[in-house]
Amino acid sequence: MLLSLSTTAVLAGPIERACLSSDRKAATRPVCACVQQVADMTLRGGDQRKAAAFFKDPDRAQKVRMSKTDNDNDFWRRYKAFGEQAEAYCAR
């Protein structure tokens, strides 16, 4: 019995899967895996799923960023810190 999914795809987290399915030129397997590693260290599961949705719908990120709710503001602080850490860690 052959499985059509690679082990990497099965083990990939939501950020990595969204990154790999994006049309961004820099979205290589190593970069996406690195970003997922940083996400695993800095974002909870729900935050990762919310952030992964931004890959398909960038306008959603803008709506969350501009939101005035405490939940969105707290998420945005965590998301911004994640982005800064991913940029520093994965750009090596």
Side-chain angles (χ1 to χ4, degrees):
M1 174 182 198
L2 288 176
L3 295 175
S4 62
L5 294 176
S6 72
T7 304
T8 305
V10 172
L11 298 176
I15 299 285
E16 184 175 0
R17 286 191 304 272
C19 177
L20 289 170
S21 67
S22 75
D23 61 357
R24 291 174 174 87
K25 186 177 181 178
T28 63
R29 189 167 298 282
V31 168
C32 293
C34 181
V35 172
Q36 180 64 54
Q37 287 176 346
V38 176
D40 289 341
M41 292 184 285
T42 60
L43 296 175
R44 300 183 298 234
D47 284 350
Q48 287 188 29
R49 289 186 294 279
K50 188 172 190 173
F54 297 164
F55 283 85
K56 282 189 178 179
D57 184 5
D59 291 335
R60 185 182 220 174
Q62 180 66 10
K63 289 175 186 169
V64 171
R65 187 175 79 81
M66 299 303 293
S67 172
K68 299 297 180 201
T69 69
D70 288 341
N71 284 342
D72 283 343
N73 289 335
D74 291 343
F75 165 79
W76 194 258
R77 278 190 284 281
R78 293 187 301 273
Y79 178 71
K80 187 175 176 184
F82 151 71
E84 291 168 356
Q85 289 177 14
E87 184 175 6
Y89 183 70
C90 300
R92 327 175 244 148

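These numbers come from a predicted model, not from an experiment.
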> Which heavy atom in Ala27 sits nearest to a heavy atom in Ser22, and how many Å separate them?
Replying inline: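 Scanning both residues completely, I find the closest heavy atoms to be CB-OG, 3.6 Å.
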> Of all heavy-atom pairs between Cys34 and Tyr89, which one has the smallest distance, and what is that distance?
Replying inline: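 Taking every non-hydrogen atom into account, SG-CD2, 3.5 Å.
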> Just by distance, with hydrogens left out, do Gln48 and Gln36 show a side-chain donor and acceptor under 3.5 Å apart?
Replying inline: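 Their side chains do contain a donor-acceptor pair, which is all the 3.5 Å distance test asks for.
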>> With a 3.5 Å distance limit and no angle check, can you tell me whether Gln85 reaches the backbone of Val38 through a side-chain donor-acceptor pair?
In response: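 Here the side-chain-to-backbone pair does not exist.
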>> Between Asp72 and Lys50 (salt bridge meaning N to carboxylate O under 4.0 Å), is one present in this structure?
In response: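 Lys50 and Asp72: salt-bridged.
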Straight-line distance of [X] [atom1] to [Y] [atom2], nearest 0.5 Å:
{"X": "Met66", "Y": "Asn73", "atom1": "CE", "atom2": "CG", "result": "10.5 Å"}
{"X": "Phe82", "Y": "Asp47", "atom1": "CZ", "atom2": "CG", "result": "10.0 Å"}
{"X": "Cys19", "Y": "Phe55", "atom1": "SG", "atom2": "CZ", "result": "5.0 Å"}

>> Tell me if the CG atom of Asp57 is crowded by more than 12 foreign heavy atoms within 6.0 Å.
In response: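 Check passes, neighbour count above 12.
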> Once the angle between the rings of Tyr79 and Trp76 is folded into 0 to 90°, is it parallel (under 30°), tilted (30 to 60°) or perpendicular (over 60°)?
Replying inline: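 Ring orientation, 0 to 90° scale: tilted.
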> Taking C-beta and beyond as the side chain, do Val35 and Glu16 meet within less than 4.5 Å on heavy atoms?
Replying inline: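 When only atoms from C-beta onward are counted, Glu16 and Val35 do not touch, as no gap falls below 4.5 Å.
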> Can you check whether Arg78 reaches Leu43 side chain to side chain, under 4.5 Å on heavy atoms?
Replying inline: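 Yes; the side chains approach each other to less than 4.5 Å.
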>> Holding to side-chain hydrogen bond (donor to acceptor under 3.5 Å, both in side chains), I want the full list of residues that pass it with Arg44, two or more places apart in sequence or in another chain.
In response: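 Arg44: no side-chain hydrogen bond (donor to acceptor under 3.5 Å, both in side chains) contacts found.
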